[in-house]
Engineer: 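Here it is, the structure in full.
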4 protein chains.
Amino acid sequence: MCRWLAYSGSPVLLDELLYGTQNSLIVQSLHSRLGAEETNGDGVGVGWYGAQETPAVFRSIEPAWNDRNLRELADHISAGTVFAHIRASTGSPVQQTNCHPFRHGRWLWMHNGLIRDFHAVKRDLVLAVDPDLYPEIEGTTDSETLFYVALTFGLEDDPPRAVERAIGLVEAAGREHGVEYPFQGTIATTDGESIWAFRYSSEGKSRSLFFSTDVRTLRAVYPENEMLRELSDEARLVVSEPLGDLPGAWNEVPESSWGVVKPGQDELHAFTPDLEFAGAHR
Amino acid sequence: MCRWLAYSGSPVLLDELLYGTQNSLIVQSLHSRLGAEETNGDGVGVGWYGAQETPAVFRSIEPAWNDRNLRELADHISAGTVFAHIRASTGSPVQQTNCHPFRHGRWLWMHNGLIRDFHAVKRDLVLAVDPDLYPEIEGTTDSETLFYVALTFGLEDDPPRAVERAIGLVEAAGREHGVEYPFQGTIATTDGESIWAFRYSSEGKSRSLFFSTDVRTLRAVYPENEMLRELSDEARLVVSEPLGDLPGAWNEVPESSWGVVKPGQDELHAFTPDLEFAGAHR
Amino acid sequence: MCRWLAYSGSPVLLDELLYGTQNSLIVQSLHSRLGAEETNGDGVGVGWYGAQETPAVFRSIEPAWNDRNLRELADHISAGTVFAHIRASTGSPVQQTNCHPFRHGRWLWMHNGLIRDFHAVKRDLVLAVDPDLYPEIEGTTDSETLFYVALTFGLEDDPPRAVERAIGLVEAAGREHGVEYPFQGTIATTDGESIWAFRYSSEGKSRSLFFSTDVRTLRAVYPENEMLRELSDEARLVVSEPLGDLPGAWNEVPESSWGVVKPGQDELHAFTPDLEFAGAHR
Amino acid sequence: MCRWLAYSGSPVLLDELLYGTQNSLIVQSLHSRLGAEETNGDGVGVGWYGAQETPAVFRSIEPAWNDRNLRELADHISAGTVFAHIRASTGSPVQQTNCHPFRHGRWLWMHNGLIRDFHAVKRDLVLAVDPDLYPEIEGTTDSETLFYVALTFGLEDDPPRAVERAIGLVEAAGREHGVEYPFQGTIATTDGESIWAFRYSSEGKSRSLFFSTDVRTLRAVYPENEMLRELSDEARLVVSEPLGDLPGAWNEVPESSWGVVKPGQDELHAFTPDLEFAGAHR
């Protein structure tokens, strides 16, 4: 229902991240290989960190494949932390405020998947949002609401814990309304320093998610590859689906897990929704 | 912060309503005479009743003065009940879901003005909305939230009473949050048969609102006027500001009042927000 | 590279034409079965004839599948002659002025296919356009330029002859610039009374084109079919690809031919580009 | 009919150029003081030079005052050569390809004003465009056509001479068609190193144009002014109207003149259309 890409590493031109590969995000906007929908033409968004404290976010309702402003930005902007997202709406309106990534202060958030029967549980989720944060919600997606629930539950202090709590609330609220599998999807969030990625679904069959192999390892295998030589040792991509067919370059994120890309050793852990937290704090 | 027009009468081409007068709504989009803002370029919407049970609604984020699809529709569509609205955003995003008129079933709703400090009271208002109606809210304006509060409070059964209750809640919630003058504006709503219009503000200095003089009276004064001869006896316009300078054609709606345009004798009454209702039903 | 639909018959709600079938034009915008491109998401246009002398044209750059204004119009407008087109750009910008159908007076025009190497021959074609018509060209597509060449060559008097001359010029100009197969595609044009449709390509492998079987014949085969009972005897659809799977309902237009849907007996003829005309009149 | 701004100097955040002053370009989009039209809400464009060979161009059809992507870019992008333009259409469609600045290779071009009776002379001007350049024209404005005429007449080698020739052709073609005052306006063009600005009209009453006073001079007068201290000595703004009210900061460009902002001493010269060139080369 969407596809996304998160990058952390030495600054690269957005063009290389968005257009420069065989199965690039722009290619996926017309023909995704692994997505729930082949076409992801309901808007596009890119967030990046530059000289300012908060990240820039460009969002457009035009299909990514023909968005000329996106093409211009990609040709001229380089960044070391980049989020990009192409949307396939599951019903909510195609408007800039429904395009990912969403931003709060230094934080970005994007999501592929859905909260099932969102109409039924939306009110419960919105009620859980900190009243001071509530007016910041500008769009109508399940993804943005989930972001604000996670912010309310401590995203800025402990992202994995906050997301476990937020999805725990989705699971609990969904079950109350008789939804069999309340949550489906993958999530990425960042403060500009680290990137946290999540893969989880109530039914245990989550949307696809991959991370790139360590650059030093890949360089040893492909000593001639120019792009690999330019990348920093710690450069990492987390993507809905592989951007190309280089053998050994892509690794599937296991079901029900979360990982963090950060200075030093990256990590991968099991993910378990916290069904208690929200109930205990109502 | 916006301008609007409501028409009921014999079917007329939208062109005549929207473009065909000296100070038409399209002229007002660039140069409003009486509006809080001179420019109303943040989108446009038109609702009309045709052969179907529910009205059609066209909404666009382009400024009305250069919207070509609006121009096309105006040239080709005639209707006997028409709502049209041009927007000057007070901060909420320029997107179709924030353009008036809003629709629920057979009902249309539009508003000129604002709920002051909406960020502070939005949550209280949203909590008052019937949970079954809540998921229908698609945009982020104060106007749409107020519509759903009014629907919750009985708009479809007794529009004047429901709006008195809804604005009563705005007054009460605003005061709780220390807002001196919580509500400002004019509202129009219709079920396709009758049009109800409201003019009220907490401070007693409301946005301008006018209604057209009885067609039979005008015809007697201007026997040569071709447009007047074509209109049905009961045709009536309610508008944010006069569409032209014909002496005797326009009458100001008094402060704190509501009126109804309906088959038979139209009516005009005093408007008093009901501060008790919402509190008693929480 | 595009898909289109032309309808003539008893007035029907646009919804039935655009959304109401298994392989409707809206379905084709995401997943065309027979198109050169599977996705036709670069804008949409609908033209219809109502009470006015000239047809109405609605054009939007949003993908058809999620265009809410199109959805509204389809739900509320009925017409007896309708052109609808979904676009897959071959490079020219996605903007309303590049959306089909194009209009000149009472005439509409739409096209699926391309003038190959249009950049090379555009100037030659534009030079052939009547200087009085030239300033009316508002977009940058090959299709619109071809429309104005055809108008210059007599479209309003003898459509088949004018299109044979216009495509003749494309063939001649293309060959001068070394283009092997200068023209590819299908065209529909109408004055609101009759619809002319063309299928031709230099290489003899043209984009798909179908016409619907005579309604009386279909009714005899499917006496229970409700839609068929509502249609007038002479109702006819010409479409880039069948809208459904009803056996016997669709007939392929032969290679290199043109047809006319008109009051009385429709006709089908061979199509031969006139390579002489333009040269003789330069 | 438009307003524009050209900056050359030490890199500054776009925000300071576009939003940061009392009568900023964004303020002018709603309320221009000296423009032919008060409202310039028919689109916006910004061009800037970064690390790449060719400049970036962002163009949007939304009114500048509420364009969120423009706001984002302004908050995050700094540049040393910047062109920005807000549009008030004189009839041609509101679409990205009609937004200034226009680009060819390293060159940018923008214009405020009009070629009078453009419909009558457009064909003559287009015929003068180098056939190799012709297919690059993507929009339908007089401004873009004039850019391609100037490119044809040597803009990249000698900008003042090329513009004198191009406007000379406009004057000649206009007179042939009986246009009393064929050209009106101001123009800016740049190769990223120097900026050339032009002020001219057939009737000798041209659209307003100003340049900023030498930074060293201003600093001596306003030693406390922080922005002035940050700017490089050679920083210069050329603008349709002053961005603020600082006494001594703005100087009107004389009628019928052109200037160049470049490394070293800037220059100001008389401008005379070359009426002979185009005729001699037809």
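Numbered from 1 within each chain, the chains take letters A, B, ... in sequence-line order. These numbers were taken from a predicted model, which means no experiment stands behind them.
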Engineer: Verify whether the ring centers belonging to C/H85 and C/F102 lie closer than 6.0 Å.
Structural biologist: no
Engineer: Determine the interplanar angle of the A/H104 and A/Y148 rings, folded into 0 to 90°, and report it as parallel if under 30°, tilted if 30 to 60°, perpendicular if over 60°.
Structural biologist: perpendicular
Engineer: Only one of A/E171, A/E203, A/E180 passes salt bridge (charged side-chain N to carboxylate O under 4.0 Å, His left out) with A/R116; say which it is.
Structural biologist: A/E203
Engineer: Please find the pair of heavy atoms, one from C/N40 and one from C/C2, that lie closest to each other, and give the distance.
Structural biologist: OD1-CA, 3.4 Å
Engineer: So which bits of residues 24-34 of chain C come within less than 4.5 Å of chain A, counting non-hydrogen atoms only?
Structural biologist: C/L30, C/H31
Engineer: What distance separates A/N112 CG from A/F198 CZ, expressed to the nearest 0.5 Å?
Structural biologist: 15.0 Å
Engineer: Give me each pair satisfying salt bridge (charged side-chain N to carboxylate O under 4.0 Å, His left out) with a member in residues 58-68 of chain C, each pair once, sequence neighbours excluded.
Structural biologist: B/E138-C/R68
